[in-house]
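I have placed the structure first, in the form of structure tokens, so that the comments after it can refer back to it.
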Protein chains: 2
Amino acid sequence: MKNEDEPKDKRLKPGDAQKLTMAEVAKYVGVSAMTVSRAFRQDASVSEETRKRIMEAVDALGYVLDLSAGSLSSRRSGFIAALVPSINNSNFSDTARGITDALENTGLQLLLGYTDYAAEKEEELIEAMLRRRPEGIILTGGSHTARARRMLAKAGIPVVETWELPEDPINHVVGFSNSEAMALLVRALAGQGYRKFGYIGGTTARDTRGSQRRSGFQKAVEELGLGPGRMISFGVPPITMEQGGQAIVSLLERWPDTEVVLCVSDLSAFGAIMECKRRGMKVPGDIAIAGFGDYEISSICHPSITTINVDCYGIGRQAAARLLDALQGSGEATGDDITLTGYRVVLRESTDRSA
Amino acid sequence: MKNEDEPKDKRLKPGDAQKLTMAEVAKYVGVSAMTVSRAFRQDASVSEETRKRIMEAVDALGYVLDLSAGSLSSRRSGFIAALVPSINNSNFSDTARGITDALENTGLQLLLGYTDYAAEKEEELIEAMLRRRPEGIILTGGSHTARARRMLAKAGIPVVETWELPEDPINHVVGFSNSEAMALLVRALAGQGYRKFGYIGGTTARDTRGSQRRSGFQKAVEELGLGPGRMISFGVPPITMEQGGQAIVSLLERWPDTEVVLCVSDLSAFGAIMECKRRGMKVPGDIAIAGFGDYEISSICHPSITTINVDCYGIGRQAAARLLDALQGSGEATGDDITLTGYRVVLRESTDRSA
DNA sequence: CGACATTATGATATCGATAACACTCGAAGC
DNA sequence: GCTTCGAGTGTTATCGATATCATAATGTCG
């Protein structure tokens, strides 16, 4: 009777809901809170009639389930965490979309984070995510700090690494060999008669997929006996369209007789092509240019861009699927589990030999 | 003694952490759990020495704070929810990035959802988000279902609507008038001497920003006495690059003498330009084309694309900033609060009159 | 018709942290 | 020397749902 008449916390604004709880809904209907809780999950054995009355009450009162309370006692957070290098890159936003779609109707929600291609940022984010006790986690790539690996091991949840084939996988992998894919593109273009190959990529090793593509290029060129490739590094990954344009200028200054240039991604390839056109060069004709990733832009632009198509969306879907399997499965922990995702060369106008 | 010797849940894999709690860390250090809790937040008055010992123990044991437990008792989830139409559109992913950046070091985490431009999906997502008890929510646009509005009102948390100026704002707004912005572009191009205006956009009213741009176009053309605009609708929003290409074909078939075409977004403008080039038309020269949104592609492509630059990233940052203000403020609930974000016409090659 | 399974529901303990308040102890003030 | 204060720490209740076990009502079968 002392502090009953005035609420402790005055933060509430007029019209605010006074934190409605399950118990109040229960009282309103004349059942126990437990029954209301059951009514919210289809599995429970609540009579159709009771459930209906409860749901009407929920509607009338405007009650919204509180999962944070529920997850504490059920020990299931309902979260899946995913870390991507950047959401402002359509390849990764496609993957994020794939994850989201695969999670639909599973009752799991996606917690997304951006690492900005930095392992330290990834470490921070992993910790932040684990504090929410996700039931599984999806990472991009296979390079993680030692502490990150330790935390993941301790967490005891399934981990999926994507977009690469890590040398030392943590748990599940859904990806492909970036170096093999780039090598395949080199061979396809060599098959068309190109001989003098150039390459454009970022400067540092931050972007492990970028480095792998570069080494795949290098290896393939040498294996074909086409001498060392002409490599230009420009800008900190991820390199932009604009940097692609600047890079091709450097490359052509240094090696004017280059026949075909492969770029670490379609974005830089696009920038390179546009810069060439702006300078009056013909693409193809004077120079052929190819990218990697098959972004939407590449099929549309003129000339359309030869590239490697990667199933970005599928990587997301499958990564989520592997996670769901692991969560459902009895936890047999069958060691490493690797899902290879496809890629293919898409030959388009930008490397058309007949031009 | 029946199921004591074998654990119920075999889900745990070898090497798993046996759910370490704060109490165990506390026991290890020889303090109370409360002190450990305090050590995790800088505000608390824990002696430097104790804090150090606690953090060493945390490190040694590999303890990770459990926020879900904490948020239940502190009644602060540490979440901000944000809904965008699509993450696969760089305008919105830029906004998401802005929100993320603004939230850095605030201890708040972003819960992101995609509505796919559908109000019903938005309603579902709002409910899903509210179940996590976010401390604030950021929405795109001002069209919401009645139930969504009711839930938001009941939730009693600050709401920010973005990217538009809703007629009936819920709470805070961070945006601009899409129709005014498009009208400005029309006037700028009319000022360059263009007279016969065409417009390309999506078919339905799902995308409210698209509709507003369309009506801004229409109004401006009429006000300038340039007759009704030539409007082509193509595809369900958001319309793709490819659809932009198809749309311009229809438009030019129907009105071959069109001088300039405005598109609902840069993506469709890009598709339209590329299609024209593919058909041997000169852009500009034979036809001028402009977009909306100033995507990265528009400054790079050849010809570069005239457009409206929108501060996508800033919208995100400011939306988050308004939310933080509201959370800090004593909850005076000072009615509506509208933050206008800038936009500007960017004239580029694609509408160059001298070409 | 009695033993037993099945269905629908309730009571109570609990998840793991934090709020709120209590307490100890040494320093400061008069 | 006694009161007052604040820094540092502990104790207990609690957040709001769910796991678990108990119980009442109903149905089944030989």
Side-chain angles (χ1 to χ4, degrees), chain A residues 2-3 7-11 17-54 58 61 63-78 107 130-133 135 155, chain B residues 2-4 7-9 11 17-54 58 61 63-78 107 130-133 135 155:
Chain A
K2 31 192 68 162
N3 50 14
K8 289 266 180 84
D9 186 0
K10 292 204 157 196
R11 189 86 72 73
Q18 272 71 348
K19 56 189 154 86
L20 210 49
T21 77
M22 212 170 237
E24 300 177 59
V25 176
K27 199 192 300 175
Y28 184 90
V29 181
V31 296
S32 73
M34 198 59 234
T35 302
V36 176
S37 172
R38 289 188 178 111
F40 266 100
R41 295 168 293 171
Q42 39 44 309
D43 67 60
S45 53
V46 179
S47 77
E48 211 39 63
E49 206 258 324
T50 308
R51 181 195 308 275
K52 199 169 133 252
R53 275 170 48 221
I54 290 174
V58 164
L61 298 173
Y63 172 72
V64 174
L65 190 60
D66 187 334
L67 290 180
S68 65
S71 61
L72 182 57
S73 62
S74 70
R75 289 121 155 312
R76 300 200 46 223
S77 67
L130 291 180
R131 288 180 169 194
R132 301 285 183 182
R133 297 292 186 267
E135 301 181 27
Chain B
K2 34 192 66 164
N3 49 13
E4 211 68 316
K8 287 268 181 83
D9 187 359
R11 190 87 70 75
Q18 274 69 350
K19 56 191 156 76
L20 209 50
T21 77
M22 211 171 238
E24 301 178 60
V25 176
K27 200 191 299 174
Y28 184 91
V29 182
V31 296
S32 73
M34 197 60 233
T35 302
V36 176
S37 172
R38 289 188 179 111
F40 266 100
R41 294 166 294 171
Q42 39 44 311
D43 66 58
S45 53
V46 179
S47 77
E48 211 37 65
E49 207 260 323
T50 308
R51 181 195 308 275
K52 199 170 134 255
R53 276 170 48 220
I54 290 174
V58 164
L61 298 173
Y63 172 72
V64 175
L65 191 60
D66 186 334
L67 290 181
S68 65
S71 62
L72 182 56
S73 65
S74 69
R75 290 124 153 314
R76 300 200 48 223
S77 66
L130 291 181
R131 288 181 169 193
R132 301 286 184 181
R133 297 292 186 266
E135 300 181 28

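In the text below, chain A, chain B and the rest are named by the order of the sequence lines, each starting its count at 1.
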If I take atom CE in residue A:Met22 and atom P in nucleotide C:dT9, what distance separates them, rounded to the nearest angstrom? 15 Å

Using only modelled atom types and a 3.5 angstrom limit, is any donor from either the side chain of B:Arg133 or the base of D:dG16 paired with an acceptor on the other? no

Measuring from the side chain of B:Ser45 (C-beta onward, heavy atoms only), which nucleotide among D:dG8, D:dG10, C:dT9 has the closest atom? D:dG8

Hey, which sits more toward the 5' end of DNA chain D by its nearest nucleotide, B:Gly30 or A:Val64? B:Gly30

What contact category does A:Ser68 fall into here, base, sugar-phosphate, or nothing, at under 4.0 angstrom with non-hydrogen atoms? nothing

Give a yes/no on whether any side-chain N or O of A:Ser32 is located under 4.0 angstrom from OP1 or OP2 of C:dG10. yes

With sugar-phosphate meaning primed atoms plus P, OP1 and OP2, does A:Ser71 contact a base, only sugar-phosphate, or nothing at under 4.0 Å between heavy atoms? nothing

Take atom NZ of A:Lys27 and atom P of C:dA11, then tell me their distance rounded to the nearest Å. 14 Å

Which part of the nucleic acid does A:Val36 contact within heavy-atom distance under 4.0 Å: base, sugar-phosphate only, or nothing? nothing

Would one find a side-chain N or O of A:Thr50 under 4.0 angstrom from OP1 or OP2 of C:dT9? yes

Does the A:Arg53 side chain pair with the main chain of A:Val29, one donor and one acceptor, at a distance under 3.5 Å? yes

In whole Å, what is the span from the CZ atom of A:Arg76 to the P atom of D:dT18? 12 Å

Just by distance, do the side chain of A:Ser71 and the backbone of A:Leu67 share a donor-acceptor pair under 3.5 Å? yes

If you only use heavy atoms from C-beta on, which nucleotide in D:dA17, C:dA8, C:dT18 is closest to the side chain of A:Ser47? C:dA8

Round to a whole Å and report the spacing from CG of A:Leu20 to P of D:dC15. 15 Å

For the residue pair B:Ser47 and B:Arg51, confirm or rule out a side-chain donor-acceptor distance under 3.5 Å. no

Give the rounded distance in Å between these two atoms: CD of A:Glu48 and P of C:dA8. 9 Å

Here the distance between atom P of D:dA17 and atom CG of A:Leu67, to the nearest Å, is 10 Å

Among C:dT18, D:dG16, C:dA20, find the nucleotide with the atom closest to the side chain of B:Ser73. C:dT18

Between D:dA17, C:dG16, C:dT18, which one does the side chain of B:Ala69 approach most closely? C:dG16

Between A:Tyr63 and D:dG16, is there a side-chain N or O to OP1/OP2 distance below 4.0 Å? no

Atom-pair distance (NZ on B:Lys52; P on D:dG8), nearest Å: 16 Å

Without swapping roles, check the side chain of B:Ser74 against the backbone of B:Gly70 for a donor-acceptor pair under 3.5 Å. yes

Nearest to the side chain of B:Leu72, heavy atoms from C-beta on, is which of D:dT9, C:dA19, C:dG16? C:dG16

Where the side chain of A:Met34 is concerned, which of C:dG10, C:dT18, C:dG16 is the nearest nucleotide? C:dG10

Tell me the interatomic distance from A:Arg75, atom CZ, to D:dG16, atom C1', rounded to whole angstroms. 16 Å

If every non-hydrogen atom of A:Arg75 is compared with every non-hydrogen atom of B:Lys19, which pair is closest and at what distance? NH2-CD, 3.7 Å

A:Phe40 near the nucleic acid: base, sugar-phosphate alone, or nothing, with a heavy-atom cut-off under 4.0 Å? nothing

Looking only at the side chain of A:Ser74 (C-beta and beyond, no hydrogens), which of the listed nucleotides D:dG16, D:dA19, C:dA20 gets closest? D:dA19

Pairwise distance CZ(A:Arg133) to CZ(A:Arg76) - rounded to 0.5 angstrom: 15.5 Å

